[in-house]
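Numbers here are sequence positions counted from 1.
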Amino acid sequence: MNASKTIILSLVRTDHICQRNLRSVEEVFFQTCDRELAKVNHFYSERLTEVQARLTSLKLALRTLHESQRAKHGSRTKLRWLLQVIRMDSGQQTERELKVAVVELYYSMLLLRSYRELNYIGFCKIMRKHGKRFNSQQGVKWRKEKLETSELHSSRRICQLISELELLMCQLMGGDRQKAMKKLNIPTPATEEESVPDWTAFRLGVTCGLLLALLNLIALRAIQKPDWDPVRPLLRLYRGGFLLIEFLFLLGVNIYGWKRSGINYVLIFELNREDNLSYYHMFEVAGCLAVCWCLSVLACLHAPLPPVPLQLQPLLFYCLPILLLLNPTPTLHHRFRRWLLSLLGRVLTAPFHPVGFADFWLADQLNSLSALFLDMWGLICFYGCEVSWRDLPSMDAPPAGRLDCEELFRSMSCLIQCFPPWLRFAQCIRNFWDSGDTRPHLLNAGKYSTVFMTVTFAGLFSMNTEDPTQAVGMKLYLYLWAAATCLSVLVTITWDLWMDWGLLQGPELLRKEVVYSQQAFYYGAMLADVLLRVAWGINIILIQIRNSDLATVTGVLAPLEVVRRFIWNFFRLENEHLNNCRQFRAFRDIPMTPVALNGHSVLERVMDQEDTAKAHWKENVEKSKA
């Protein structure tokens with residue numbers, strides 16, 4: 001009897017302890033939920049206030065634009081019209097810029113609405129799970145008292161702002177709501193089409209088949225051709241085209257990898273969300289150029305069968321991508337081509353423009369295509385010095401020269417190799433001028449200055465190798481080149497891994513957050529970057545030596561540098577994407593024209609009208625409930 005009482009008492013005590021522990025666990029659980037709900041509400045309120053302020057600025061900008069247009073059409077004299085244009089249109093957004101700003105703001109509103117809905121659903125599921133596990137109604141009570149009365153659920157302001165923005169776009173589109181909604185129908189991660197369009201897939205399949213057939217023909221012709229020496233100099237001109245095709249194809253692979261991994265490259269490059277090139281577009285362009293490249297090489301190997309003279313075959317091939325890029329008609333992704341041309345213009349005039357991510361990214365790509373620029377210089381020298389344009393029949397014969405201006409090549413090759421690093425050097429100086437930050441901009445400029453030393457000492461060494469009396473100078477420049485190369489390789493490798501990729505800063509020599517699933521990708525990329533950076537330093541001096549026996553080596557190392565840049569692109573965009581995520585940046589913030597002093601009263605009046613309308617709407621809702 002005493003034993004049973006002892007057991008019952010122990011069970012009661014145990015049950016009491018369990019109940020007390022459960023209450024303490026529930027208390028901690030709901031405190032945690034309160035904190036998380038407060039964080040979510042605070043973030044939602046901040047973003048909602050920002051969105052509302054942006055919408056008010058857009059309304060004011062649209063009002064100013066309409067007033068300017070009415071004043072322009074209502075002016076009777078040219079002098080009066082000119083004065084009004086100078087007074088009202090200076091520094092004002094155009095209609096096209098307003099449309100872009102509306103699209104970006106609409107995208108941010110959709111994201112904010114999704115944020116609100118997902119968090120509300122998440123809290124509801126958590127409370128439902130709590131009720132099942134603990135067999136308690138506390139979760140339902142917390143949901144009614146805390147969640148449903150919070151701004152996250154009670155506020156419907158975001159839906160009203162979306163409707164107001166749709167009306168604003170409708171005004172910009174001349175009152176055509178269908179066109180306005182089509183303009184706002186931007187692809188989001190949930191609705192974006194993943195599959196390749198059928199017609200594009202068919203074209204890609206035909207291109208792959210043509211490439212296989214043409215490559216087989218080139219291989220058969222190469223086996224049958226007894227003597228390569230007459231056309232070998234001319235075939236050297238095609239290396240630059242091969243590098244361009246390789247770069248475009250690998251860039252398509254980059255875009256495919258970014259898209260599959262969820263990296264927001266459209267935001268990073270600030271592309272148009274409605275019309276930007278996807279990976280299959282890049283594959284299509286690369287495939288088209290590859291087919292033309294193979295046809296041109298076959299025409300050289302089968303000369304003089306084609307009607308075009310032998311020596312003009314490379315020129316015709318290189319005219320194709322230039323005409324494709326400079327095509328003035330609104331075809332072939334004209335918006336993207338216009339964006340690329342403007343980006344190239346900003347890169348080539350680096351010190352005179354503020355530098356964005358797309359600017360220095362493109363300049364970095366040009367650093368890996370320096371061999372392409374050298375081949376373009378050889379092409380210019382060949383058609384400017386070697387080709388006899390007055391004697392057209394002589395163009396059917398293989399070239400007899402070395403396809404370059406020998407007396408100018410060494411100095412020009414040094415300048416050409418230093419030109420892409422100079423662009424990045426100038427961009428770093430401009431960044432330092434704009435921000436005043438020594439680190440990292442001046443440090444990055446110092447990194448690119450090491451390339452200047454490497455190229456200069458390599459050129460001096462190659463010039464002294466031709467003079468047997470300069471043996472001492474040759475050794476000196478060789479040692480200086482080796483020291484500069486070692487310094488440059490060490491600095492660039494450290495910068496790639498530490499600054500550009502953000503690695504070596506977390507556990508296991510990586511970072512705390514990673515996007516790609518396999519850690520082997522990161523270690524393989526680090527090893528490849530070290531090896532290919534060393535190969536890049538060796539290739540600089542091989543280009544300067546200009547030894548025909550080393551031409552094959554330089555022909556292999558140049559495509560390897562493009563491969564290194566392809567690997568670099570993956571991890572550089574990953575690092576930038578993670579930085580954007582930490583800053584809660586998921587859309588572009590289009591800069592608006594600052595409001596003038598007399599415009600602040602208009603802005604305040606517009607916001608007061610919106611607040612009055614909101615209060616009136618709440619009163620109507622309460623009356624309807626009563």
Side-chain angles (χ1 to χ4, degrees), residues 91 265 267-271 339-370 373 414-457 483-505 511 529 533 536-537 540 561 564-565 568-569 571-585 588-594:
Y265 66 93
L267 168 66
I268 293 173
F269 291 121
E270 298 188 350
L271 299 174
W339 173 82
L340 181 58
L341 286 174
S342 64
L343 184 62
L344 276 171
R346 292 200 304 271
V347 170
L348 296 177
T349 57
F352 307 107
H353 301 281
V355 181
F357 182 89
D359 300 319
F360 71 74
W361 179 87
L362 182 59
D364 279 326
Q365 310 307 304
L366 297 181
N367 274 270
S368 295
L369 293 174
S370 58
F373 301 138
C414 289
L415 292 176
I416 291 172
Q417 284 184 294
C418 288
F419 179 65
W422 153 254
L423 295 177
R424 284 295 290 123
F425 179 84
Q427 287 178 340
C428 295
I429 297 300
R430 177 57 194 250
N431 279 334
F432 170 71
W433 178 268
D434 291 337
S435 64
D437 296 334
T438 304
R439 186 180 184 273
H441 302 308
L442 283 187
L443 292 177
N444 203 8
K447 181 192 74 171
Y448 286 101
S449 66
T450 60
V451 182
F452 304 151
M453 295 187 292
T454 303
V455 173
T456 301
F457 293 139
T485 302
C486 292
L487 176 63
S488 180
V489 168
L490 288 175
V491 171
T492 51
I493 289 173
T494 305
W495 193 273
D496 285 344
L497 302 182
W498 184 273
M499 298 296 294
D500 288 342
W501 295 359
L503 302 179
L504 307 178
Q505 302 178 22
R511 66 170 83 87
D529 188 74
R533 277 292 188 184
W536 164 80
I540 288 179
E561 172 60 19
R564 187 197 66 81
R565 185 60 63 181
W568 182 89
N569 285 335
F571 300 97
R572 182 64 185 90
L573 265 290
E574 180 204 27
N575 192 26
E576 187 69 17
H577 174 77
L578 292 175
N579 290 335
N580 287 337
C581 291
R582 295 187 194 103
Q583 299 171 6
F584 306 107
R585 185 169 181 260
R588 276 194 292 170
D589 188 12
I590 306 296
M592 303 296 296
T593 301

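Residue H441 holds its NE2 atom at 11.0 Å from CZ of R439, rounded to the nearest 0.5 Å. Taking CZ from F269 and CG from L343, the interatomic distance works out to 9.5 Å, rounded to the nearest 0.5 Å. A distance of 9.5 Å separates CZ in R565 from CH2 in W361, rounded to the nearest 0.5 Å. Taking CH2 of W568 as the reference point, atom CG of D496 lies at 7.5 Å (rounded to 0.5 Å). Summarising the geometry, atom CZ belonging to R346 is positioned 15.5 Å from atom CZ belonging to F352; distances are rounded to the nearest 0.5 Å. Atom CH2 in W495 sits 6.5 Å away from atom NZ in K447 (nearest 0.5 Å).
A side-chain N or O of Q427 and one of R424 form a donor-acceptor pair less than 3.5 Å apart.
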request  = Dump the intermediate steps for side chain to side chain contact (heavy atoms under 4.5 Å, CB included) on I429 and L442, then the final yes or no.
outcome  = CA-CA 7 Å; I429 297 300; L442 283 187; 4.1 Å; yes
**Asked** Between D359 and R430, is a salt bridge (charged side-chain N to carboxylate O under 4.0 Å, His left out) present by the stated rule, with each step listed?
**Response** CA-CA 12 Å; D359 300 319; R430 177 57 194 250; over 6 Å; no
Hey, mind stepping through T349 and H353 against side chain to side chain contact (heavy atoms under 4.5 Å, CB included) and telling me if it holds? CA-CA 7 Å; T349 57; H353 301 281; 2.9 Å; yes
With side chain to side chain contact (heavy atoms under 4.5 Å, CB included) as the test, would you mind laying out the steps for R572 and M499 before giving the verdict? CA-CA 9 Å; R572 182 64 185 90; M499 298 296 294; over 6 Å; no
Trace of the side chain to side chain contact (heavy atoms under 4.5 Å, CB included) decision for R511 with L504: CA-CA 7 Å; R511 66 170 83 87; L504 307 178; over 6 Å; no
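Smallest separation of non-hydrogen atoms from D529 and W501: CB-CH2, 4.0 Å. Taking every heavy atom of both residues into account, S488 and T454 meet most closely at CB-OG1, 3.8 Å. When every heavy atom of P421 is checked against every heavy atom of V451, the shortest pair comes out as CG-CG1, 3.6 Å.
Residues R564 and W536 are not in side-chain contact: their nearest non-hydrogen atoms beyond the backbone lie 4.5 Å or more apart. Within the 4.5 Å cutoff, no side-chain heavy atoms of Y265 are placed close to those of N569. Using a 4.5 Å heavy-atom cutoff, the side chains of L267 and N580 are in contact. Annotation: side chain of W339 is in contact with side chain of L271 (closest heavy-atom distance under 4.5 Å). Here the side chains of P354 and D434 are in contact, with some heavy-atom distance below 4.5 Å.
Residues forming a ring-ring contact (aromatic ring centres under 6.0 Å, His included) with F452 (at least two apart in sequence, or on another chain): F425.
Remark: E561 does not engage R533 in a salt bridge, criterion side-chain N to carboxylate O under 4.0 Å.
For the side-chain contact (heavy atoms from CB on, under 4.5 Å) with L423, the lone residue among N367, D364, L366 that qualifies is L366.
No donor-acceptor pair under 3.5 Å is formed between the side chain of E270 and the backbone N or O of A358.
Using bins of under 30°, 30° to 60° and over 60° for the plane-to-plane angle, the ring pair F373/F419 lands in the perpendicular bin.
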